[in-house]
Chemist: 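Below are the structure tokens for one structure; questions will follow.
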Amino acid sequence: MNPIRYERRRYTTGQSPIEKLERLSSHLGGPAIFIKRDDQLGLTVGGNKTRKLEYLVADALRQGADTLITCGAVQSNHCRLTLAAAVREGLKCQLVLTEPADGYHPQASGNHLLFHLLGAEKIEVIPADGDMQLVMEKLAQELASKGRKAYLIPVGGSNELGSLGYMACAEEIEQQAWETGTAYDYVVTATGSGGTQAGLLAGFMARQSNTKVIGVNVSRDRAAQESKVLDLLRSTAGMVGLQGEIRAESVVCEDRYVGPGYAVPTAEMVEAVKLVAQTEGILLDPVYTGKAMAGLIGLIREGRFAKDDHILFLHTGGSPALYTVPQLFIPES
Ligand SMILES: *Cc1c(COP(=O)(O)O)cnc(C)c1O
């Protein structure tokens, strides 16, 4: 592979820790479970978008942008972190949000509260089926007419440049595996816009690692998610000049833990979030990592892994959304 020539900003000091989840592993009676704490990455409250933004924002700065524009759900972790990166770099940031099924509540908590606290220059809410890309382009044109320069970041930061952040993460995992003498058989992660899974796969390929990646869907069916991730894996590998054949079978997604839809709670998610809080004191989130952990627990229970496998669960962040759903976790009196 060609050396990676892409510029990178740094928002985290050192590596994110890998911890062994002794109590959770023994509770489940399956393989040894470890967790990679990407919820402790830099920028406000951390999470996986921080790694993608290291490359995306470097590109924005190189192009001379003064404003980042991105889009997502009202509780988007990606919007929160893009805004946090903008604050850190002295840039402005505008957000395009899609209206949730139960309507837009201007006083909504969680990430939405942080959009205001971190000082988004503009928050534009559009209907759920609206064209986010089109609205972002319109905002960029408005800025251009005032002599400003916007840089557009797609949903979830999932393009080839964003995926480089998770190629770098795969490299980091390989280093940590080497240092501690623990090889990981599987990485299990939530998969949504796909950049995390595609980047990890590209990074493990670049290292000729045997580590497999299982994506647990938070939306979409299996075939749709696998082809989304495969497309991004191919284009990322093409961009960095990765040698070797990309096998479609290397992209594995599980769609049995989505439930009724994106961000719609499931009983398995609630069980998983409680279990990890009460065995390990670690906070997951209701939209991504709660469903991903429900997937890991389900796969362990159905015997997908060998007892001596080492499983690395990627904690991709998202805990601010926990505070928007107290009714799921506080027993009725
Ligand atoms: C965005 C997000 C994901 C999904 O990552 P993708 O790269 O979009 O697949 C997982 N977990 C959290 C907390 C996220 O915010």
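Each ligand, and each atom within it, is numbered from 1 in the order the structure gives.
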Chemist: A cation-pi test, strictly: NZ or CZ of Arg80 under 6.0 Å from the centre of the six-membered ring of Phe115 and no more than 45 degrees from its axis. Yes or no?
Modeler: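 Not flagged: Arg80 not positioned over aromatic ring of Phe115.
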Chemist: Are Glu121 and Lys92 close enough for a salt bridge, meaning some N to O gap below 4.0 Å?
Modeler: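 Salt bridge absent between Glu121 and Lys92.
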Chemist: Looking at Tyr257, I'd like to know if the NZ or CZ of Lys291 sits under 6.0 Å from its six-membered ring centre while staying within 45 degrees of the ring's axis.
Modeler: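 That pair does not qualify as a cation-pi contact.
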Chemist: Taking the six-membered ring for Trp, are Tyr104 and His112 closer than 6.0 Å centroid to centroid?
Modeler: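 When the ring centroids of Tyr104 and His112 are compared, they turn out to be within the sub-6.0 Å range.
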Chemist: Show the short N or O contacts, below 3.5 Å, that ligand 1 makes with protein N or O atoms; if there are none, say 'none'.
Modeler:
| residue | atom | partner | partner atom | Å |
| --- | --- | --- | --- | --- |
| ligand 1 | 5 (O) | Asn48 | ND2 | 3.0 |
| ligand 1 | 5 (O) | Thr196 | OG1 | 3.4 |
| ligand 1 | 7 (O) | Lys52 | NZ | 2.6 |
| ligand 1 | 7 (O) | Gly195 | N | 3.4 |
| ligand 1 | 7 (O) | Thr196 | N | 2.9 |
| ligand 1 | 7 (O) | Thr196 | OG1 | 2.7 |
| ligand 1 | 8 (O) | Ser193 | N | 2.9 |
| ligand 1 | 8 (O) | Ser193 | OG | 2.5 |
| ligand 1 | 9 (O) | Gly192 | N | 2.7 |
| ligand 1 | 9 (O) | Ser193 | N | 3.3 |
| ligand 1 | 9 (O) | Gly194 | N | 2.9 |
| ligand 1 | 11 (N) | Thr316 | OG1 | 2.6 |
| ligand 1 | 15 (O) | Lys49 | NZ | 2.9 |
| ligand 1 | 15 (O) | Asn77 | ND2 | 2.9 |

Chemist: Is it the case that Lys49 places NZ or CZ above or below the six-membered ring of Tyr288, under 6.0 angstrom from the centre and within 45 degrees of the axis?
Modeler: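 That pair qualifies as a cation-pi contact.
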Chemist: Tell me if the aromatic rings of Phe313 and Phe34 count as close, with their centers under 6.0 Å from one another.
Modeler: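 Not under 6.0 Å, so no.
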